[in-house]
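For reference, the structure is listed below as structure tokens.
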Amino acid sequence: MKKKHYGMLSLAVASYLTAYAENGKQNTDKPNVILIYADDLGYGDLECYGAKNVQTPNVNRLASKGIRFTNAHATAATSTPSRYSMLTGEYAWRKPGTDVAVGNAGMIIRPEQYTIADMFKSSGYATGAFGKWHLGLGDKTGQQDWNAPLSASLGDLGFDYSYIMAATADRVPCVFIENGQVANYDPSAPIEVSYVKNFPGEPTGKDNPELLYNLKPSHGHDMSIVNGISRIGYMKGGGKALWKDENIADSITTHAIEFIKQHKDEPFFMYFATNDVHVPRFPHERFRGKNKMGLRGDAIAQFDWSVGRLLETLDEMGLTGNTLIILSSDNGPVVDDGYDDKAEELLNGHEPTGGLRGGKYSAFEGGTRVPVIVHWPQAVGKPGVSDVLISQIDWLASLASLVNARIPKGSAPDSYNRLGNLLGQDKTDRPWVIEQAANHTLSVRTKDWKFIEGGDGPEMIPWGPKIETGYLGTPQLYDMKQVGEKKNVATQYPEKVFELEKILRKVRDRSIKMK
Ligand code: NG6
Ligand code: CA
């Protein structure tokens, strides 16, 4: 299929937008685009998706004026592959080395690869990335010199500006990287990082639990200690550059606001990837104690605050109408992901997956069905809720069509233009969506069915989180017209199993195009 399958629709959108421009409103040819990408935020974690124990007024505002999707999917149930796929338009399972990355991984998307940022840049946008990266930096794993400009960074991937965390807050190095260099670098405390062995004399969570004044691990996470919290991996130094977990959201948000202000007079693309609600959950004081779910609820409130600050800034700059915001999450939720933050004990009836089976890491829906809200006052017709089947893999091609960017041949091979879905003008379901679980088990989701390929693996995640994996030796089939993946009906519908298995085989060997 050609990328222009939605040619007619694009024309319709274009004439609609021209009409707006002619009506004297802002020129909608090149709206600003902001991807707000939460970490581990579940399908049921936002008030507008049914959460009762925590308030998310700012996200509610986006949902009430935009389109809230109820059948939207991330490409993978963990961060690195999900982000890789979304940013490149290529399924991560096609490329080795795209699993959950260590903090000193070499840059996983290679400079010569085409990214969503390259796409916007080629269309004259200013491009910026903020927050969680988790796709490696520098040329080679473990070879970075963190005390000098890194040999490869986001500037090589189409981002004009970046203020990011190398990996996750639970992985060293615990410093922000601004345009490929440690931000606020402290020459008196040179940085060293290893995922192999500790540095002589440096305390660890395992040997020095008395130093864990902020959070203690519940499983894993017992290596280097930064800010009274032990992490994955070993680091030394950092001094004044080390982050304080309670200020991460403030820091990321402040830099993002600055970027908006600087680029208010030209189109900009912003990838705003929050640390919330990933572990360690240690939000700022001002978000504490206002809901009954403890730190995990506070982290959701903090996420909502960040969204609110971006919206306020757009309002102040007069940019709200002509800014397309897509809000989503990289994968499904997890409650205890390795720190003793009482998230489990304090759920108080809250269901992070909104009742879906499984969760982060899992082949079941809880792993990859995520909130998606699209907000663009000048182009989204009627606000509302959409149950159309969509996938994050299509964002690159869809947004390329929006800004008339031409995708180089062979780039973003798995991404299709579904702009009409995103803007609420086309209710046609994607014929299938491919989802990747933590152990690379793949599933095929259609409007009515879910097929999970057979393979090895334990029934429950073995290292701590209490989550069903969805792995089984034989293929599984679920009727999605019924709520939840309760009953495996593979043996009742062998022809359906065969049909979906065939789609998967053909997507794998690239012998099928989407109609
Ligand atoms: C796991 C971590 C978990 C989280 C996850 C990645 C342990 C015991 N658990 O290995 O805490 O960091 O990796 O999460 O180390 S993700 O959302 O970035 O994919
Ligand atoms: Ca994640």
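Scope of the values below: all heavy atoms of this structure, side chains included, with no hydrogens, waters or symmetry mates. Both counts, for ligands and for their atoms, begin at 1 and track the order of listing.
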### Query
For ligand 1, what is the set of protein residues having any non-hydrogen atom at a distance below 4.0 Å?
D39, D40, T78, S79, V100, K132, H134, T168, D170, R171, H219, H221, I232, H278, V279, N331, D337, K360, Y361
#### Entry: Aromatic ring proximity, centroids under 6.0 angstrom, F259 and F130
yes
### Task
Taking the six-membered ring for Trp and the single ring otherwise, decide whether the centroids of Y361 and W463 are under 6.0 Å apart.
yes
## Note on the structure
Result for side chain to side chain contact (heavy atoms under 4.5 Å, CB included) between I325 and one of V33, L314, V374, I373 points to L314
### Query
So, for F176 and Y163, is the gap between ring centers shorter than 6.0 Å?
yes
#### Entry: Y84/L135 under side chain to side chain contact (heavy atoms under 4.5 Å, CB included): CA gap, chis, key distance, verdict
CA-CA 7 Å; Y84 175 89; L135 285 161; 3.9 Å; yes
### Summary
Checked the Ca ion (ligand 2): protein N, O or S atoms closer than 3.0 Å come out as D39 OD1, D40 OD1, D330 OD1, D330 OD2, N331 OD1
### Aromatic centroids of Y37 and F272 separated by under 6.0 Å
no
### Query
Are the aromatic ring centres of W449 and Y478 under 6.0 angstrom apart?
no
### Task
Determine whether the side chains of H73 and Q392 contain a donor N or O and an acceptor N or O closer than 3.5 Å.
no
### Query
Are N104 and Q144 linked by a side-chain donor-acceptor pair shorter than 3.5 Å?
no
